[in-house]
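In what follows, a structure is listed as structure tokens, so that the remarks can point back to it.
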Amino acid sequence: MKSISLGQYYAVDSPIHRLDPRIKIVLAVLYIVIVFLCSNIASMALLLVSALVIVLASNIPIKIVLKSVKPILFIIAFTAIINIFWTKGEGAPLLDLGFIQIYSKGIVNAIFLVTRIFVLIVGSSILLTYTTTPISLTDGIERLLGPLKKIGLPVHDFAMIMTIALRFIPTLMEEADKIMNAQKARGADFTNGSLIQRAKALIPILIPLFSSSIRHALDLATAMECRCYRGGEGRTRMKILKCRASDILALVAVIAFGVAIVCINIFAAPYLPF
Amino acid sequence: MAKIKLENVSFFYGKGTAYCKEALKNVNIEIKEGSITGLIGHTGSGKSTMLQLLNGLSTPGEGKVYLDGVDIWEKPKEIGKVRYRVGLVMQYPEYQLFEETVEKDIAFGPKNMGLSNEEISERIREAIDFVGLSPDVLQKNPFDLSGGQKRRVAIAGVIAMRPEVLVLDEPAAGLDPQGRDVILDGVFKYREKTGATIIIVSHSMEDMARLCDDIIVLSHGEVVLHGTRDEVFSESQMLERIGLAVPQITLLMHELSARGIKVNNGIYTESAAVEEIARLMKGTK
């Protein structure tokens, strides 16, 4: 239980870590759009280079970054296989087994798709989760959604709910761990038995856990009221987000990169094999 | 023979990561059968970690834990049996209650042991008596009880397994003096009646002095003192250096003898101190 880390925030200093969270959210969205704009081999190559640049700029060891791809390896492999076997291309197939035909277009499609998913995960996780603490991320989201307040959406409250939820994940995990140990000490067995038996074995954990989350919520509400919390109205911030020159620079760089990709798509396409 | 023996036990949190922390360093202790042993140490000294090693909730990183001379991890599949023999009451055990009635909650442990219904209900009566609750709470909902009563129900839940070794992690923390006395008396009674070995963690030196035969002092994951109550509490300076203390009244006696008044240093309760001082006063007249 103790080894589960909350989010993936990796605490080092880097130019990307220092960016304003609002800018990072915008950059991540832009980057995702760019990933899907790439349509030929030259722009794909450029995309891979850009992903490498982002990884290097973030000061996060490549090993850690690759770990974030691990959970979706299956999805990547699955989509690649589907593409290879089910894409019908023109001309003669590369391989013909009667019931299955593999065309070169299928392989190209698979490679493009795998690259896209890979860069998508690596790019967005570095721009957001690896380099931004969950708290500043919610802060950024709150500020970006600020304009929605005008149409009556309780943006501050949503952000506060998210912040509190994030804050309590480790607390509740620790609590779950303690309760599990306490019940194990009384002979509870969570690993053996049929599915129904194991589901039943969770009751002695879930009931105390629910009751203590309600207790925590009540205590927290009282503590917040004691410190005069009354929603976002007139509330000042400890950390004021500031857009600096480097933030603007990063934004300009990503936009320029997007424009470059579009240009390559249009002008280089006729000279490329795919 | 030692009931419980730790041999070269070390324990690490987060082994193999950058945050690796050694919570216990090369601990060697033997706990006598039928004794009440107190475990003291400042916050974060490794007390709770050590308790969880005793019943196999955690495995030692290095070293062995012996119960009656048998390595508890010899047959990892039968660790459950060790947990019935070494009953552990964790800190703030009242938060682990989950059943609709007190009776059912106390029955959870014995039921897991696979005992017959008659046996279980007999054990429930016995356990509830040890912790000083009346049988009419049995049909109540544990969530309706007061904090002190909940704590006692939780302790009864472990006692009902009739463990040979009863391990309690700060059983009296946060209770009023009366609630504390009821629980500690119950523990004492359990030892008297069953001959069980008791291991108890507390921050109250007064409680420790009143209750324990032996005391183990932990500091930064190491055993710094282990001896009888009198041996440990005679090291008042050593204890103070690591952020602990001897009972207030014992400190007074130490101060008096440091000033040349011949008092008995091994005094741990107010009533004993009153007698001792009265004896001295008579002598001077």
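Just the heavy atoms: all of them, side chains too, but no hydrogens, waters or symmetry mates, feed the values below. The structure presented is a predicted model; accordingly, all values stated were derived computationally and were not measured. The chains referred to below are lettered A, B, ... by the order of the sequence lines, with proteins before strands, and numbering in each begins at 1.
Side-chain contact between A/Gln183 and B/Phe108 is present, with at least one heavy-atom pair separated by less than 4.5 Å. Put simply, the side chain of B/Phe98 reaches to within 4.5 Å of the side chain of A/Pro204, judged on heavy atoms.
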Could you walk me through whether A/Leu209 and B/Tyr95 pass the side chain to side chain contact (heavy atoms under 4.5 Å, CB included) test, one step at a time? CA-CA 8 Å; A/Leu209 198 59; B/Tyr95 297 137; over 6 Å; no
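Of the two parts of A/Ser211, only the side chain, counted from C-beta on, holds a non-hydrogen atom closer than 4.5 Å to a non-hydrogen atom of chain B. Of the two parts of B/Met90, only the side chain, counted from C-beta on, holds a non-hydrogen atom closer than 4.5 Å to a non-hydrogen atom of chain A. Using a 4.5 Å cut-off between heavy atoms, B/Tyr84 contacts chain A through its side chain alone, with no backbone atom that close. Residue contact with chain A, scored on non-hydrogen atoms closer than 4.5 Å, is absent for B/Tyr92.
Other residues, nucleotides and ligands place no more than 12 heavy atoms under 6.0 Å from the CZ atom of A/Phe210. For B/Lys25, the NZ atom sits in a packed shell: over 12 heavy atoms of surrounding residues, nucleotides or ligands are nearer than 6.0 Å. Other residues, nucleotides and ligands contribute only 12 or fewer heavy atoms inside 6.0 Å of the CZ atom of B/Arg125. The local environment of CZ in A/Phe257 is crowded, with over 12 non-hydrogen atoms from other residues, nucleotides or ligands closer than 6.0 Å. By the 6.0 Å contact criterion, CD on B/Glu100 is open, its count of non-hydrogen atoms from other residues, nucleotides or ligands being 12 or less. Within 6.0 Å of CZ on B/Phe143 lie more than 12 heavy atoms contributed by other residues, nucleotides or ligands. In the displayed structure, B/Lys64 atom NZ is contacted under 6.0 Å by at most 12 heavy atoms of other residues, nucleotides or ligands. A 6.0 Å sphere centred on CG of A/Leu218 holds more than 12 heavy atoms belonging to other residues, nucleotides or ligands.
The CG atom of B/Leu51 sits 12.0 Å away from atom CG of A/Asn181, with the distance rounded to the nearest 0.5 Å. To the nearest 0.5 Å, atom NZ of residue A/Lys184 and atom CG of residue B/Asn112 are 13.5 Å apart.
Scanning both residues, A/Pro208 and B/Leu97, for their nearest heavy atoms gives CG-O, 3.7 Å.
A/Arg186 pairs in a side chain to side chain contact (heavy atoms under 4.5 Å, CB included) with only one of the listed residues (B/Val89, B/Leu88, B/Asp105), which is B/Asp105.
Contact count against chain A (heavy-atom pairs under 4.5 Å) is highest for B/Gln96 among B/Gln91, B/Gln52, B/Gln96.
Under the 4.0 Å criterion applied to side-chain N and carboxylate O atoms, B/Arg83 and A/Asp189 are not assigned as salt-bridge partners.
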